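What you are looking at is a predicted structure, and each value in this text was computed from that prediction instead of being measured. Lettering of chains follows the sequences in order, A, B, ..., and the numbering in each one begins at 1.
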Protein chains: 2
Amino acid sequence: MTSPPPSDPGLPDAELLRLDHQVCFSLQAASRAFGGVYRDALKELGLTYPQYLAMMVLWEHGPLPVKTIGERLHLDSGTLSPLLKRLESAGLVRRERSPEDERSVIVHLTEAGTGLRERALSVPRTILGATGLSVQEVLALQETLARLTDSLSRAGRTG
Amino acid sequence: MTSPPPSDPGLPDAELLRLDHQVCFSLQAASRAFGGVYRDALKELGLTYPQYLAMMVLWEHGPLPVKTIGERLHLDSGTLSPLLKRLESAGLVRRERSPEDERSVIVHLTEAGTGLRERALSVPRTILGATGLSVQEVLALQETLARLTDSLSRAGRTG
DNA sequence: CGTAATTGAGTTGTGCGCAATTAAGTTATG
DNA sequence: CATAACTTAATTGCGCACAACTCAATTACG
């Protein structure tokens, strides 16, 4: 339990009352801007950004149950199930029940899914270039965002 | 035209290839964490976060056409039209055609909508507290996000 | 004046994110 | 062994975001 900074005196209320909403707002703006860039970059691959994330997890770790993919991406089955079905319809993955635990559905890459990785390799560099940020800034931003997310999640659970 | 840092040599490719996706990922994680906190904070008001944003714009500026609300929130009519209809169904706003320009729909607050502002006043402080960030960090974060969003938008249009 | 181009809302369709529920399989317990 | 508790996916329903489109109103131009 670190003591979070209290309601941060030093600025007038009216100022504070605007700051917070703008943080979230700026965050969503950046998030949506990313979405646009990824949309363009992924269009020729026929993937959306969340689908791309799921594929990245599979490219990196091989066959995984839905549960694990969900944990990596912080997504639940309500989001993943239809997403993975779309990837399956596109012929990129196969879903098979685990013989060991029939509750688990293991998601495998198909040949096409594995092959797609080659064409996806250029995407990250494109995106990084589009951010216009230095590596230092990226790292600092991630550090701040990680702490922010942690605080917010904690507040959601306990507050 | 500032010269954006080039593909940032100095780190191996494999490292860079992971960074970018994690920025967007961290961003979305933070964004979703905010969503959760706002969801809790706004539950008793019967508003979602985007609805809350729309209400804030109206509380601040009075009656506005859909167009202007969309510009403020960076949302198009495809998102706003149903959202505003839900607010109207909830009795918080009224939508009226502008007599000067019959294409415009002016969104007005109702008594209930105006009254809701009182109950919404406590929300921002709650959120700010949940972020666990200092004011300096908030300001720095916003500055970075603004630049990031700007670069990404520019990349989307021109790239 | 009359037609063309533009503008502002709305509609439709796709996909994501989340809550709540259901169903089926597994594990623990009496 | 039988039942209860838990786990894993899937489904349903709602709302947001965006693209593509339609429609009516306005503005610009010949």
Novice: Should A/Ile69 and A/Val107 count as side-chain neighbours, where that means a heavy-atom distance under 4.5 Å?
Specialist: yes

Novice: Using a cut-off of 4.0 Å on non-hydrogen atoms, how would the nucleic acid contact of B/Pro82 be classed: base, sugar-phosphate, or nothing?
Specialist: nothing

Novice: Is there a donor-acceptor pair under 3.5 Å between the side chain of B/Ser77 and the backbone N or O of B/Leu80?
Specialist: no

Novice: Using the salt bridge (charged side-chain N to carboxylate O under 4.0 Å, His left out) rule, take B/Arg97 and B/Glu102 through it: C-alpha gap first, then chi angles, then the decisive distance, then the call.
Specialist: CA-CA 6 Å; B/Arg97 291 267 158 200; B/Glu102 291 279 343; 5.4 Å; no

Novice: Taking CD1 from B/Ile69 and P from C/dG8, how many angstroms apart are they, rounded to a whole number?
Specialist: 14 Å

Novice: Looking only at side-chain atoms of A/Arg95, point me to the closest of C/dA9, D/dG15, D/dA10.
Specialist: D/dA10

Novice: Using whole Å, report how far CZ of B/Arg97 lies from C1' of D/dA25.
Specialist: 9 Å

Novice: Within this structure, what is the OH-to-C1' distance between A/Tyr38 and D/dA19, rounded to whole angstrom?
Specialist: 21 Å

Novice: State, yes or no, whether a side-chain contact exists between A/Lys67 and A/Val105 at a heavy-atom distance under 4.5 Å.
Specialist: no

Novice: Between A/Arg94 and A/Glu96, is there a side-chain N and carboxylate O pair less than 4.0 Å apart?
Specialist: yes

Novice: Between atom CD in A/Glu96 and atom P in D/dA9, what is the gap in whole Å?
Specialist: 14 Å

Novice: Answer yes or no: side-chain N or O of B/Arg103 and base N or O of C/dT7 forming a donor-acceptor pair under 3.5 Å.
Specialist: yes

Novice: To the nearest 0.5 angstrom, please state how far the CE atom of B/Met56 sits from the CZ atom of A/Phe25.
Specialist: 10.5 Å

Novice: On DNA chain D, check which nucleotide each of B/Glu102 and B/Arg86 is closest to and give me the residue with the more 5' one.
Specialist: B/Arg86

Novice: Using a cut-off of strictly less than 4.0 Å, decide whether A/Gln28 has a side-chain nitrogen or oxygen near OP1 or OP2 of D/dC16.
Specialist: no

Novice: Choosing from D/dT11, D/dT26, C/dG10, which nucleotide comes nearest the side chain of A/Ser81?
Specialist: D/dT11

Novice: Once you round it to whole Å, what is the distance between C1' of C/dT11 and CG of B/Leu84?
Specialist: 15 Å

Novice: Rounded off to whole Å, could you give me the CG-to-P distance for the B/Leu87 and C/dA9 pair?
Specialist: 16 Å

Novice: Using a cut-off of 4.0 Å on non-hydrogen atoms, how would the nucleic acid contact of B/Glu71 be classed: base, sugar-phosphate, or nothing?
Specialist: nothing

Novice: Considering only C/dG15, C/dA9, D/dA9, which nucleotide approaches the side chain of A/Gln51 most closely?
Specialist: C/dG15

Novice: Looking at every strand, decide which applies to B/Leu83 at a 4.0 Å heavy-atom threshold: base, sugar-phosphate, or nothing.
Specialist: sugar-phosphate

Novice: Scan nucleotides 18-20 of chain C against the protein and return all N/O pairs shorter than 3.5 Å with their distances rounded to 0.1 Å.
Specialist:
none

Novice: Within this structure, what is the NZ-to-P distance between B/Lys85 and C/dG10, rounded to whole angstrom?
Specialist: 7 Å

Novice: Name the orientation class of the two ring planes belonging to B/Trp59 and B/Tyr52 (parallel below 30°, tilted from 30 to 60°, perpendicular beyond 60°).
Specialist: perpendicular

Novice: Between A/Pro50 and B/Pro65, which residue's closest nucleotide on DNA chain C lies nearer the 5′ terminus?
Specialist: B/Pro65

Novice: How close or far is atom P of D/dA17 from atom CG of A/Leu27, stated in whole angstroms?
Specialist: 13 Å

Novice: With sequence neighbours left out, write down each residue that passes ring-ring contact (aromatic ring centres under 6.0 Å, His included) with B/Phe34, or none if nothing qualifies.
Specialist: none

